[in-house]
Each structure stands twice: as C-alpha cells, then as structure tokens.
Amino acid sequence: MNEEYLRIEQNHDHIKIVSLGEWTLYHEPQIFRALKKIIPDKKIIWDLSGIKSFDSSGVMLFSTYFEQFKKRCEVEIVGYTPKQERMYLLLQKNRATESIPIRHENFFERIGKNTAASYNEFVQYLEFSGHVVSAFLYYLKYPKNFRYKEIIYHIRLSGMNAILIIALTSFLVGLVISYQSAVQLAKFGADLFIVDMASISITRELGPLVTAIVIAGRSGSAYTAQIGAMKITEEISAMRTMGFDPFYFLVLPRVIALMIALPLLIFLADMIGIFGSMFAAGLELNISYAQFIDRLQEVLEAKHFWIGIIKGPFFAVLIAMIGCFRGFQVTNDTESIGAQTTASVVNSIFFVIACDAIFSVILTEWDI
Amino acid sequence: MKKIIEVKDLVTQFGETVIHDGVCLHIDEGEIYGILGESGSGKSLLMKEMIMLLAPTSGEITVLGSRLSQIDYNEAQMLRQQWGVLFQFGALFTSLTVAENIELQLKEYTHIDLKMRNEIIKTKISMVGLPVRAGGLYPSELSGGMIKRAALARALAMDPKLLFLDEPISGLDPIGARNFDSLIKELRDLLGITVVMITHDLESIYSTVDRFSVLADKRVVAEGNLENVLQSDHPFIEKFFKNDYVEKRLDQRVGRNVQ
Ligand SMILES: Nc1ncnc2c1ncn2[C@@H]1O[C@H](COP(=O)(O)OP(=O)(O)O)[C@@H](O)[C@H]1O
Ligand SMILES: [Mg+2]
C-alpha cells in the first residue's frame with residue numbers, strides 16, 4: 001500500500017519534485033502529506049511526467065501548492081501534458097475566492113425565531129379556522145355545491161376503514177377497566193357496581209377519547225401528509241390557478257366526513273367497550289351476561305351516552321382542522337412533512353384531551 | 001475499444017405492459033453516448049436498469065465488466081462509487097444545502113481534509129455555472145435550471161469514470177445548455193470519462209454526442225453516429241430529423257462548413 005506519489009531530490013541550487021502514480025481523489029491525503037513536508041527555500045523544479053492518471057482533485061492539489069510555492073520561490077513546471085494543462089486552466093478559471101455562506105444562528109436568535117414562528121402559526125391557525133367556517137357557511141347557503149363524492153370517500157377512508165382497529169382498542173380498554181376494578185369492588189362485596197362504573201365511564205369518557213386518539217393518529221396524520229405532499233409537488237398551486245379553492249376541495253370534505261364518522265365510531269366503541277367489560281366481569285366476578293344487561297338498563301341513563309356522542313363532532317373538527325392546517329404549513333422540503341405530521345398528531349391529541357376537560361367542567365357545573 | 005456498458009436482449013415489463021422488448025446496445029469507453037426517443041419510450045427506465053435501481057424482467061446488462069444480474073453487494077457498492085448520476089428532476093436532498101449535497105460522497109468515501117474539500121466543492125459549483133454563494137442555499141430556494149446545475153455538480157463530485165445524465169439540459173437557457181455541453185465534452189477529453197446522456201436536444205446531438213441510439217417500438221431502431229441513424233427510415237426518425245426545421249439547420253451547418 002505504501003505507494004510513492006512524490007519523490008524529492010535536494011540539489012545544491014534547486015529542489016526537484018517528481019510527481020508519480022495516481023493523483024486522484026482516493027490518494028489525495030497521502031499526496032497532501034508528502035507535499036506538506038516540502039520547505040520551499042530554493043528554486044523548485046516540479047516534474048509532472050510521472051503522473052499516470054489524474055482527476056480534478058489531484059490537479060487542484062497541485063495548483064494549490066504551485067501557488068503556495070510560487071509566493072516563496074521560483075517554480076518551474078516541466079513534463080506536463082497538454083491535457084493536464086487544460087485541466088489546470090479549466091479548474092483555475094473556476095477557482096473562487098469568495099466562500100460559501102454558512103447560516104449560523106445563535107441560541108438567542110433561535111429562541112426569538114421560534115417564538116415569532118409560534119406566534120405567526122397561531123395567527124395563521126385563527127385565519128385558517130375563519131376560512132373554514134366561512135367556507136362552511138357558504139356550503140350551507142348553497143348546498144348544491146357540496147362535494148358529496150369527496151365526503152363519502154373520506155368517510156370510507158377515515159371512518160369505515162378504522163372500524164377494526166377501534167373495535168379492538170375499545171374492547172381491550174373495556175376489558176382492562178373492569179378487570180382492574182373487579183378486584184377492588186370484590187373486596188367491598190360490591191360486585192354488581194362494576195356495571196355502573198364501566199358503563200358510565202366508557203360511554204361518557206373513554207369511548208369518545210379512545211376513538212378520537214386513534215383517529216388523530218390514523219387520519220389526522222394522513223391528512224397532514226397528503227396535503228403536505230400536494231404542497232411540495234405544487235398540486236395545490238395548480239388547483240388554485242384552475243379556480244379550485246383548496247378549502248372546498250380538500251379541507252371541508254375532510255372536516256365534514258370526520259364530523260359524520262366520529263360519532264358513529266364512538267357509538268361502536270361504546271358498544272364494544274361495554275361488551276369487553278361484560279366479558280371481564282363474567283370471568284372475574286361470575287356476573288352472567290343477563291345480570292349485567294339487567295343492571296345496565298337500570299343504571300345507564302341515556303344522557304351519558306348522548307354526552308359521549310355529542311363530543312364526537314367537536315373532536316372531529318379539532319382533528320381534521322389541525323391535520324389540514326399542518327399540511328398547509330409544510331414548506332418545500334421533505335423534512336418538514338415529518339415535522340408537521342408529528343406536530344399534527346401531538347397537537348390534535350392534546351386539544352382533544354383539553355376539549356374533553358372543558359366538557360367535564362361545564363357539564364359538572366350544570367349538574368348533568 | 002473497451003466496452004463500458006453492454007445491454008443484451010433487455011426486456012422490461014410491468015404486469016401486462018411491455019416497455020422494452022429486446023433492447024441491445026453497447027457503449028464504448030470515452031464516448032458521449034446519447035439515448036433518444038419519444039416521451040414514454042422507456043429512456044429513463046433503461047437508465048435506471050443500468051444503474052441498478054430496477055431489475056430488468058430478462059436480459060443482461062454489463063457495466064464496467066460487472067454483470068448486473070449476478071452482482072454481489074460489495075461489488076455493487078464498488079460500482080456505485082465509480083459513477084455519477086444526474087436524475088431527470090435533480091433529486092437533490094432537500095434537507096441539505098447545495099454545498100452539503102456535493103460534499104456528501106466526498107466526506108463519506110475519501111479522507112480529504114476540510115479545506116481542500118471546500119475548494120473542490122466551490123470549484124465544482126462554479127464549473128457548472130452557479131455562483132459560489134448558491135452553495136449555501138437549500139434546494140427549495142433554487143430555480144429549475146439551478147437545480148439541474150447543482151445536481152450535475154453533485155454527480156461530478158467524485159470525478160466518476162462514468163456519468164449518467166437524464167435530460168441534463170432540459171430546463172436550461174440556450175446559452176447555459178451550450179456551456180453544459182462544452183463542459184461535458186471538455187471533461188470527457190481531459191479525464192477520459194464515459195457519458196451516457198438522455199436528450200431531446202438536437203444541438204447536443206449534432207455537437208456533443210458521438211454515437212446514440214433511438215428507442216422506439218420497445219427496441220433500439222437505430223444506433224450509431226448521426227450519419228448512420230439518418231440512413232434509417234423509421235417513422236420516428238423521419239419525424240424527428242427529416243422535417244423542414246431540421247433540414248434548414250442542417251443546410252446552415254453544411255454552408256458554414258464550406259466557407
Ligand atoms: N413503475 C411503473 N409502473 C408501470 N409503468 C411504468 C412505471 N414506470 C414507468 N412506466 C412506464 O414506462 C414508460 C417509460 O417510462 P420512462 O422511461 O420514464 O419514459 P421516458 O422515455 O420519457 O424517460 C412510460 O410509458 C411509463 O408510463
Ligand atoms: Mg424520462
């Protein structure tokens with residue numbers, strides 16, 4: 001491996017440098033090290049005739065040192081081929097003294113920028129919501145313009161296709177809830193109260209929350225990624241120039257579809273969740289299905305169920321609007337799709353839970 | 001003359017759709033080889049098969065002495081370091097600046113120190129006709145033509161022996177296009193690289209390309225230099241080369257040569 005790229009002969013009135021072998025990219029560090037050792041204190045005669053092959057980096061290395069030596073002493077280049085000379089000239093023509101700008105931000109700049117960006121995002125979100133509402137009102141005024149086909153398509157995509165995963169999740173949630181509480185209730189001999197506990201908590205809180213969280217992860221992220229990708233490929237600009245307002249064609253169908261699908265999915269989650277807890281109650285506390293259902297009819301008032309269902313459209317609006325808004329926030333690079341999708345899921349889950357808390361407070365105040 | 005690439009009886013199929021049906025061609029060392037054909041005739045796919053992005057349905061491609069159907073992982077990695085590719089739509093990494101895009105392979109595969117690396121990058125940027133400060137920009141901040149140039153600079157970063165260019169000059173202004181052509185020619189002359197270039201540009205075909213093949217009807221209907229190809233009477237060649245516009249240009253060229 002110890003190939004020779006440079007032979008140096010010290011003569012009494014000059015140094016003779018002979019370049020040898022392959023002056024290419026992969027050998028550059030070795031050549032570089034050899035060149036660094038030369039002390040240009042006398043006239044230099046540089047013989048290039050031994051170079052077997054070269055590429056632009058080899059020639060650039062040569063010219064860098066040629067320039068350096070020239071400042072300190074006389075340099076004579078011999079034995080070069082016309083090709084080497086042309087390559088030298090081509091590269092020399094394109095050597096630039098200016099340097100590539102590097103964009104640095106210090107800590108405070110970053111904080112400032114992020115704060116301003118968050119504020120701007122908030123303002124833009126308000127603007128976006130306003131736009132959606134006005135588009136919605138326009139729809140109500142001219143229902144002819146409803147994009148039924150898109151709405152149905154999105155109901156299928158984000159509603160029907162989610163049935164299995166929501167059924168499975170809510171079954172497990174129902175199962176776990178009554179399994180855990182069964183142990184505690186059995187201590188007090190209050191076995192049958194499991195029905196009150198499970199059914200009310202599932203219909204009022206857990207059904208809607210679990211459904212909304214699954215949908216936020218599943219559809220909210222999909223909305224962001226779809227719209228974001230459309231933005232990068234300039235499909236959205238194309239739509240705008242053709243007079244297709246993306247609010248009518250992309251945002252509203254998704255929002256409306258989710259407003260219809262989410263309450264239905266919550267209903268499904270309620271049923272399956274209660275079935276899950278019935279199943280666990282049967283296993284753990286030997287409560288028969290008939291007993292469970294009898295008690296259920298006694299204790300589960302319709303209002304609990306309706307409160308859960310009513311939350312659906314609210315959660316749906318939050319998830320769909322945040323998903324779409326984040327999609328429009330995507331800038332022209334692929335990394336921002338990832339960042340916005342993450343933000344979309346995190347934001348929508350947070351706001352769903354916050355909205356749920358507001359519901360709790362208000363309903364408690366009203367004694368419902 | 002050494003054959004750098006050889007394509008034999010290549011068939012490409014997507015389900016029922018046949019794109020290539022028995023494509024044969026060879027590319028010699030040190031030549032600038034053009035691939036011509038209508039949109040959708042399978043030029044880009046042919047190139048993707050040469051650079052191992054797509055496995056052909058059947059047939060054999062040999063690149064720099066390696067048969068692609070039997071290549072192992074290490075050999076393939078070696079091969080990938082010897083070529084540079086310019087994609088039709090640039091395919092720059094959007095999260096990196098232009099300079100970082102060019103630097104990527106240099107940093108990974110060589111041990112050149114930072115200062116020299118910067119010099120190389122700057123020279124490459126200016127060679128393809130971009131201002132040096134464009135090195136600090138992100139791809140989303142470039143125009144279409146600038147993306148093409150930056151992508152060429154990235155393809156040239158490692159001084160590859162073999163250069164694949166997919167429609168390199170579409171989207172460039174005419175002056176830029178000619179500079180592009182002469183740069184490619186100069187690099188070929190000086191470094192002896194082989195260039196495979198998909199192009200629709202008549203001027204490039206006249207002035208830059210040594211030999212080319214014409215893809216039509218799922219195969220190569222003519223191959224060779226301009227004279228050879230013009231002897232064919234395939235409808236596509238008739239349409240592409242033997243119209244009034246081209247004939248006028250040809251006359252002009254002949255006229256100029258006589259003077
Ligand atoms: N993944 C794919 N599946 C099916 N057909 C494809 C695929 N990729 C390309 N094609 C078809 O192959 C043909 C050739 O494509 P391409 O090589 O990109 O054309 P061009 O010659 O314009 O570069 C086109 O008709 C295209 O529709
Ligand atoms: Mg193509």
Side-chain angles (χ1 to χ4, degrees), chain A residues 22-33 35-36 52-65 67-68 81-104 228-229 231-234 330-339, chain B residues 81-82 89 91-100 102-103 105-106 109-113 115-142 144 147 153 156-161 182-183 185-193:
Chain A
E22 296 183 14
W23 277 52
T24 56
L25 219 52
Y26 294 102
H27 307 121
E28 163 132 19
Q30 289 99 305
I31 304 172
F32 182 69
R33 272 199 297 278
L35 276 170
K36 248 195 330 206
K52 273 195 277 195
S53 64
F54 64 93
D55 62 12
S56 56
S57 69
V59 176
M60 282 179 66
L61 197 59
F62 162 80
S63 64
T64 308
Y65 274 86
E67 304 276 303
Q68 243 178 59
T81 62
K83 279 189 184 180
Q84 286 165 355
E85 189 181 7
R86 266 165 68 195
M87 193 71 206
Y88 171 77
L89 292 175
L90 174 68
L91 293 172
Q92 213 52 26
K93 198 175 72 191
N94 289 304
R95 282 306 267 274
T97 41
E98 93 184 276
S99 53
I100 301 169
I102 302 170
R103 301 189 204 169
H104 265 310
K231 212 177 154 203
I232 286 191
T233 55
E234 293 195 281
V330 167
T331 52
N332 263 343
D333 63 286
T334 41
E335 216 162 85
S336 80
I337 288 199
Chain B
Q81 281 185 43
Q82 293 178 54
F89 303 106
L92 293 172
F93 299 114
T94 50
S95 54
L96 304 177
T97 62
V98 170
E100 286 164 346
I102 301 170
E103 187 183 26
Q105 274 186 304
L106 284 171
Y109 296 129
T110 71
H111 302 283
I112 301 173
D113 75 322
K115 212 171 128 231
M116 198 63 206
R117 214 158 58 207
N118 259 327
E119 284 300 311
I120 294 180
I121 294 165
K122 276 186 339 194
T123 310
K124 298 267 146 107
I125 289 177
S126 132
M127 224 150 82
V128 296
L130 285 174
V132 170
R133 66 189 153 67
L137 299 179
Y138 285 94
S140 54
E141 298 162 332
L142 302 179
I147 288 179
L156 290 175
M158 294 285 285
D159 276 320
K161 284 268 149 291
S182 57
L183 174 66
K185 243 167 116 169
E186 185 80 351
L187 289 175
R188 189 274 309 267
D189 290 347
L190 298 180
L191 301 174
I193 60 178

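Throughout, protein chains are lettered first and strands after them, A, B, ... in sequence-line order, and every chain is numbered starting at 1.
- For the atom pair OG1 of B:Thr123 and NZ of A:Lys93, the computed distance is 12.5 Å after rounding to the nearest 0.5 Å.
- Taking CZ from B:Arg117 and OG from A:Ser57, the interatomic distance works out to 12.5 Å, rounded to the nearest 0.5 Å.
- Here the closest heavy-atom approach between residue B:Lys122 and residue A:Thr97 is recorded as NZ-O, 4.1 Å.
- Counting heavy atoms of neighbouring residues, nucleotides and ligands inside a 6.0 Å radius, atom CD of A:Glu67 exceeds 12 of them.
- Heavy atoms closer than 4.5 Å to chain B are found in both the backbone and the side chain of A:Leu61.
- One finds no salt bridge joining B:Arg133 and A:Glu98 here, because no Lys/Arg side-chain nitrogen approaches an Asp/Glu carboxylate oxygen to under 4.0 Å.
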What's the verdict on side chain to side chain contact (heavy atoms under 4.5 Å, CB included) for B:Phe93 and A:Glu335, showing C-alpha distance, side-chain angles and the deciding distance? CA-CA 10 Å; B:Phe93 299 114; A:Glu335 216 162 85; over 6 Å; no
Original post:
Under the side chain to side chain contact (heavy atoms under 4.5 Å, CB included) criterion, do A:Leu25 and B:Leu106 qualify, and how do the steps go?
Top reply: CA-CA 9 Å; A:Leu25 219 52; B:Leu106 284 171; 3.9 Å; yes
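- At a threshold of 4.5 Å between non-hydrogen side-chain atoms, the residues B:Leu187 and A:Leu90 count as touching.
- Heavy atoms closer than 4.5 Å to chain A are found in both the backbone and the side chain of B:Tyr138.
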TODO: Assess whether side chain to side chain contact (heavy atoms under 4.5 Å, CB included) is satisfied between A:Thr64 and B:Met116, documenting all intermediate values.
DONE: CA-CA 9 Å; A:Thr64 308; B:Met116 198 63 206; 3.9 Å; yes
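- In the model, A:Asp333 has no side-chain atom that pairs as donor or acceptor with a side-chain atom of B:Ser140 under 3.5 Å.
- For A:Ser63, no part sits under 4.5 Å from any heavy atom of chain B, backbone or side chain.
- Nearest heavy-atom pair, A:Phe54 versus B:Leu190, reported as atom, atom and distance to 0.1 Å: CZ-O, 3.8 Å.
- Contacts between B:Ile120 and chain A at a heavy-atom distance below 4.5 Å involve backbone atoms as well as side-chain atoms.
- With rounding to the nearest 0.5 angstrom, the CG atom of B:Asp189 is 11.5 Å from the CE atom of A:Met87.
- When heavy atoms are compared at a cutoff of 4.5 Å, B:Ile193 does not approach chain A at all.
- The CD1 atom of A:Ile337 sits 9.0 Å away from atom OG1 of B:Thr94, with the distance rounded to the nearest 0.5 Å.
- The nearest pair of heavy atoms linking B:Met127 to A:Leu91 is SD-CD2, 3.7 Å.
- One distance of note links NZ of A:Lys83 with CD of B:Glu186; it measures 10.5 Å at 0.5 Å rounding.
- Ranked by heavy-atom pairs under 4.5 Å with chain B, the first of A:Ser56, A:Pro29, A:Ser99, A:Ala96 is A:Ser56.
- Using a 4.5 Å cut-off between heavy atoms, B:Glu100 makes no contact with chain A at all.
- Of all heavy-atom pairs between B:Tyr109 and A:Tyr26, the closest is O-CE2, 3.7 Å.
- Here the straight-line distance linking atom CD1 of A:Ile100 with atom CD1 of B:Ile125 works out to 4.0 Å at 0.5 Å rounding.
- If you measure heavy-atom distances from A:Thr24 to chain B, you find no contacts under 4.5 Å at all.
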